[in-house]
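First up is the structure itself, then whatever we jot down about it.
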Amino acid sequence: MKKVIVTGGAGFIGSHTCVELVAAGMEPVIVDDFRNSDERVLQGLAKIIGRVPKLHRIDCTDEKALDQVLKVEAPDGVIHFAADKAVGESVRDPLKYYGNNIGSLVAVLRSMAKHGVKDIVFSSSCTVYGDSDQLPVTESTPPAGAASPYGYTKVVCERMLRETSASDLALRAVLLRYFNPIGAHPSATIGELPIGTPNNLVPFITQAAAGLRERLTVFGNDYDTPDGSCLRDYIHVVDLAKAHVRALGWMGDQKAPLCETFNLGTGNGNSVLEVVRLFEEVNGVKVPHVIGPRRAGDVEAMYADTKKSASLLGWRTELSLADSLRDAWRWQLALAKGQK
Ligand code: UD1
């Protein structure tokens, strides 16, 4: 695989994946309309890889525009990240999520079919497991029903890929179920750039530690977990990005049609309070926080069984939770410096 279209390549996971693709000798071509990302990522990428990657500013639900890109670029494959991802917003505005997340995958697949592109890696999420009582979850753990419209779009997209790969189009598809991606590139030149108030835990922690937010609210301490707060599987975004390179390599050796799912996590469950304490310890800063009520839709505990990705992709995480929290804080400090 040489040239790869990276939809959503200006986003958090997409930008880190572009770095790892270049490191592996591939050429990422970003397709992004910057609706939920920031132009600053382009300078950050240029600092790491020595140039701004090629970019097409288009909406991925616009099939005609995608056709043009695929015609001009003639890529070897596609990594499809572009999607909306805020669980709460998806409950308030489900049509935005069905329209964009499902609409963009339909457009990408139709355009791939027209241009003879057969390989796709899809950004899925552990959210498809819902509130599973079987932990750690394996790729064959039956999905317990996605708890939000956002989660359900991932269930639908996964099914669309399974059916399309087995259809006359005979695609090769790899579905990557991310657990909780956090951290930033260790150079502190790219990272997460949440627009407005962050929904996710770690960006909220870094902003609270930096004094940009008054305090973090820990959503619930009455769960059936060792300290009462929820457990999640937090994975460094650089480890996650590297898994995409492994997935492309593995897929290249398989026969079509193919549709294979992999969990991408560390295999560990860490509680919200553990994350707060470790962040304070490794960075020597305080995170003002209070305990609040549970957040609607949160599952008590979720962490990955990682055996399949280790044995088939030869991939496992190399960075620790402490590394992730250190890099997240360095990125927050770099952002603050850039804004002065
Ligand atoms: C969820 C989905 C994940 C999806 C992501 C998209 C599950 C298990 N995970 O992640 O697949 O990709 O949304 O955004 O469905 N928390 C606080 N205070 C805060 C923010 C968060 O205590 O201000 C807690 C949450 O209650 C949760 C943990 O921190 O226990 C992580 O939350 P978050 O970062 O929002 O990710 P998930 O909800 O786990």
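Treat the numbers as computed from the prediction; the structure is a model and nothing was measured. Atom set for the values below is all heavy atoms of this structure, side chains included, hydrogens, waters and symmetry mates excluded. Positions are given from 1, in the same order as the sequence printed here. Read the numbers this way: they start at 1 and go in the same order the structure lists the ligands and their atoms.
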Which protein non-hydrogen atom lies closest to [atom], naming both residue and atom, and how far is it?
atom                    : value
atom 3 (C) of ligand 1  : S125 OG, 3.6 Å
atom 34 (O) of ligand 1 : L201 N, 2.8 Å
atom 2 (C) of ligand 1  : T127 CB, 4.2 Å
atom 13 (O) of ligand 1 : V87 CG2, 3.6 Å
atom 38 (O) of ligand 1 : R295 NH2, 2.9 Å
atom 17 (C) of ligand 1 : F219 CD1, 3.3 Å

Heavy-atom contacts under 4.0 Å between [X] and ligand 1: side chain, backbone, both, or neither?
X    : result
L216 : side chain
V299 : side chain
Y129 : neither
Y234 : side chain
D298 : side chain
V272 : side chain

With a 4.0 Å cut-off on N to O distance, would you call [X] and [Y] a salt bridge?
X    : Y    : answer
D239 : R316 : no
R330 : D327 : yes
D32  : R57  : no
R110 : D67  : no

Exercise. Are N101 and T153 close enough that a side-chain donor and a side-chain acceptor fall under 3.5 Å?
Worked result: yes

Exercise. Do E63 and S111 have side-chain N/O donor and acceptor atoms under 3.5 Å apart?
Worked result: no

For this session: State plainly whether one hydrophobic cluster holds both I182 and V237, where clusters connect Ile, Leu, Val, Met, Phe, Trp and Tyr through side-chain heavy atoms under 4.5 angstrom apart.
Result: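 In one cluster with I182: V237, no.
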
For this session: Say whether V287 and W331 are linked into one hydrophobic cluster, either directly or through other cluster members, by side-chain heavy-atom distances under 4.5 angstrom.
Result: no

Exercise. Given A208, S123, C230, S90, which has its nearest heavy atom closest to atom 30 (O) of ligand 1?
Worked result: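 Ranked by closest heavy atom to atom 30 (O) of ligand 1, first place is C230.
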
Exercise. Can you tell which of N180, N199, D233 gets a heavy atom nearest to atom 10 (O) of ligand 1?
Worked result: N180

